[in-house]
Structures are given as C-alpha cells and as structure tokens.
Amino acid sequence: MEFVSLNKWIPYNEKPFVIAGPCSAETEDQVMETARLLSAIPHVKVFRAGIWKPRTRPGGFEGVGKVALGWLNRVKKETGLLTTVEVATPEHVELAVAAGIDILWIGARTVVNPFSVQELAEALTGIDIPVLIKNPVNPDLKLWIGAIERIMKSGHNRIAAIHRGFSQHEKLGFRYPPIWEIPIELMRLMPGLPLICDPSHIGGNASLIQSISQQALDLEMQGLMIETHTDPLNALTDSKQQVTPLHLQEILNNLIIRNPKGTYETERNLEALRRDIDNIDEQMIELLARRMEIAHEMGVFKHKNNITILQLRRWKELFSDRMVRGRDKGLSHQFLANLLRLVHEESIQIQTSVMKKEDNEINENN
Ligand code: PEP
Ligand code: MN
C-alpha cells in the first residue's frame, strides 16, 4: 500500500504547511481566539489542541476532555481550519470521529506501547480518517515503524510521521533532543511517508523553535506542528515552549525555503563534491579494514603471550592524543569522541573473539 501524498489530504500552497494551536484546549474563548488569529496565517492549515493530556506525573491538568470537541467543531465551522486532537484510547477515537475531527494524532507516550497502538488500530478499522504518528519517547526506530505499520494494516494510507525528539539522559539544551538520523532513516525505509517536525516539544522553549524548524525544512520535512497560545506564560501545560500567533507568524516569515534540487549548474558542482566524498569514504573504509586486521593480529599476539585485551593506560593515552589532533583539525569534540569509542569497541570485540577462538582450539586439543 502506498502513502497518499500530504497535499492530497491537507491542501497547502505555502511551504511549509503548519499545524498550530495550543498544547491544551483550556477554555472555549481561548480556543476560538487562538484559532481566529491562526486562520489569518496562510501557512496554518490545521488547528491542534490536546483535550486528553498525557501527563508525566499525576495531579496536573489532564485536559478538559470531550467538552472541547464542540469547541473544535466551532473552530472548523468559523475558521475553515481542519482540526486534530491526540487520541490514546479507543474511546477517544470514537468520540473524536463522532465529533467530526478531521485528523487524529497518536502521541509519543502511546507509540511506545504496541498494545495501545494495536487497540487504536482496531478502533480505527473501517474509519476513513488521516492519522499522524509521533515518534516514541525513546529513540527506537523499529517501535515507530511498528506503530505506522499497525495503523496501515487497519486500512489507512493517509498517514504522516512526526519527529518530536527523544527522552534522553543528556539533554544538550533541548527538552527532547532531536536525533535527525532516525527520521531520515524512516524516510529511507518508508518512501513516500510525509514527515512533520514538532519543534515545540523538541526544544521545550519558544526561543529554539526558529532554528529547529529551519533544520527540519533543510532536511526536507514537509510540515511543522507548533504549539501556539494566546497567553503562553499562563498556559496550563507546556508554557515555556508555546508561542503567540504573532510570534508564530514571525517565525514563519524568517524561515528560508531552499530548493530540494538545484539547477543544472549547481548540480554539476555538487556532483564534483560528491565524488570527492565518495573517494574519501572509500579510503576511510580501506583504512578501517586495515586497522581491524591489525586488531586481529594483536589479539593473536596477546593470546600467545597471555596479555589482557584491554590496556586501560594505552586506551586513555590514545584517546587524549587523538582528541587533541582532531581538535586541531576542527573536528567537533562529541563527534570524534563517539567515533574513537566506536572504533575502540570494535577492536576490543575483534580481539575478544580471537581470544575465544584460540582458547577453544586449545581446549579441543586437550
Ligand atoms: C502534545 O503534542 O501536546 C504532546 C503531548 O506531545 P508528545 O506526545 O509529543 O509528548
Ligand atoms: Mn505539549
């Protein structure tokens, strides 16, 4: 089954298309006022509002519930915007569909649980409605794909995936740091699947939305979901990351829309650069293979001479020496540290299997 292109179910002219609206629907006035202001922004095609809120800890505001479905209906009638809400249970699906909500979205905390996603898929069977599927809170691409497949199997092909960042120990200045390789790999594995970015939850702060949105567009994501509130400071949920409709307009005005493909001339220049990269990658692979052959030889040597695999002092010296060299060459600390650890890990792995093999041979001969 092929995915239906986004433009067929959310018609838009301005790039990127935007889903905007409050983290939570709070009052009818707040919803109507926000929607009215948003409907004046040409990029905004869909109005979002959480009405059943998954909160990390109990006791917080858990959403106004189904009463807001009527408010969203008014939004649709009075502004012409499409509407979307988060659904987490079959009952939510039933209520939202009965109320005429246009698009459903499945939240990050639901996507982690295949039982819940399966229940939603069953509730959605036979119902013709588009579904947006956020990434799970943990950086697990298979879980995300699994959720998309379950919804597809229930007969849906108007689907889009939303990258909203991942819960991580090291936050690096974000609320849910993005791991761009994951949605990029998703695009590769599921061609035609539209990708949307939610910079509000990634950043957790209104000041980060501009740069995250730009990055998402530069990675060919088609849309943005941005939390918008008429009075962010007093929002009942996610107050730090919400922007006013005016601020949203400013963010959208500042976005630079680049071409997915260049002209004949720029493509030719790019081709030359790509050839250089291909050559370097080839050399890098040769060198890595050579390095691992040496690791293998070292394993044999260490086994013969009864020496342990890991020599901590050598690893520490090697690590600091390479880090200094890399820094002098302008490589980022994090990148080089990750690369060195990966190479070292593989080298240990190779030596470990050599040791095991040699030990086994000795045991067999005894
Ligand atoms: C939301 O969009 O308000 C929300 C709860 O998102 P997530 O599932 O990404 O945490
Ligand atoms: Mn939110």
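Inspection of the Asn360 and Glu364 side chains reveals no N or O donor paired with an N or O acceptor under 3.5 Å. The closest side-chain donor-acceptor pair between Ser116 and Thr110, if any, does not fall under 3.5 angstrom. Side-chain N/O atoms of Ser207 and Asn205 include a donor and acceptor closer than 3.5 Å. Asn234 and Asp231 are linked by a side-chain donor-acceptor pair at a separation below 3.5 angstrom, with hydrogens and angles left out of the test. Side-chain N/O atoms of Gln242 and Glu227 include no donor and acceptor closer than 3.5 Å. Defined by atom type and a distance below 3.5 Å, a donor-acceptor pair is missing between the side-chain atoms of Gln351 and His303. Of the N and O atoms on the side chains of His201 and Asp238, at least one donor lies less than 3.5 Å from an acceptor on the other residue. Side chain to side chain, Glu361 and Asn365 fail the donor-acceptor criterion of an N or O pair below 3.5 Å.
A cation-pi arrangement is found for Arg164 relative to Tyr176, the charged atom lying closer than 6.0 Å to the ring centre and inside a 45° cone about the ring normal.
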Salt bridge (Lys or Arg N to Asp or Glu O under 4.0 Å) between Glu86 and Lys134, worked out | CA-CA 10 Å; Glu86 173 174 353; Lys134 287 200 168 192; over 6 Å; no

side-chain contact (heavy atoms from CB on, under 4.5 Å) between Thr83 and Val46, worked out | CA-CA 5 Å; Thr83 54; Val46 184; 5.9 Å; no

side-chain contact (heavy atoms from CB on, under 4.5 Å) between Val117 and Leu120, intermediate numbers included | CA-CA 5 Å; Val117 177; Leu120 291 178; 5.5 Å; no

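Leu69 and Ala96 make their closest contact through CD2-CA, 4.1 Å (heavy atoms, listed as atom of the first residue, atom of the second, distance). Summarising the geometry of Ala147 relative to Val111, their closest heavy-atom pair is CB-CG1, 3.7 Å, with the distance given to 0.1 Å. Considering every non-hydrogen atom in both Ile196 and Phe17, the closest pair reads CD1-CZ, 3.8 Å. Heavy-atom minimum distance, Ile307 versus Met355: O-CE, 3.3 Å.
Salt-bridge annotation for Arg274 and Asp281: absent, with no side-chain N of the basic residue lying under 4.0 Å from a carboxylate O of the acidic one. Glu317 and Arg314 are not joined by a salt bridge, as no carboxylate oxygen comes within less than 4.0 angstrom of a charged side-chain nitrogen.
Evaluation of the side chain to side chain contact (heavy atoms under 4.5 Å, CB included) rule for Val300 yields His296, Val354, Glu358 as partners, not counting sequence neighbours. Partners of Asn306 according to the side chain to side chain contact (heavy atoms under 4.5 Å, CB included) rule, which considers only residues two or more places apart in sequence or in another chain, do not exist here. With sequence neighbours left out, Glu122 forms a salt bridge (charged side-chain N to carboxylate O under 4.0 Å, His left out) with no residue at all.
Counting heavy-atom neighbours within 6.0 Å of Glu94 CD, excluding the residue itself, gives a total of 12 or less. Counting non-hydrogen atoms of neighbouring residues, nucleotides and ligands closer than 6.0 angstrom, the CG atom of Leu246 reaches no more than 12 such neighbours.
Between the side chain of Lys15 and the backbone N or O of Tyr12 there is no donor-acceptor pair closer than 3.5 Å. In this structure, Gln30 contributes its side chain and Ser24 its backbone to a donor-acceptor pair below 3.5 Å.
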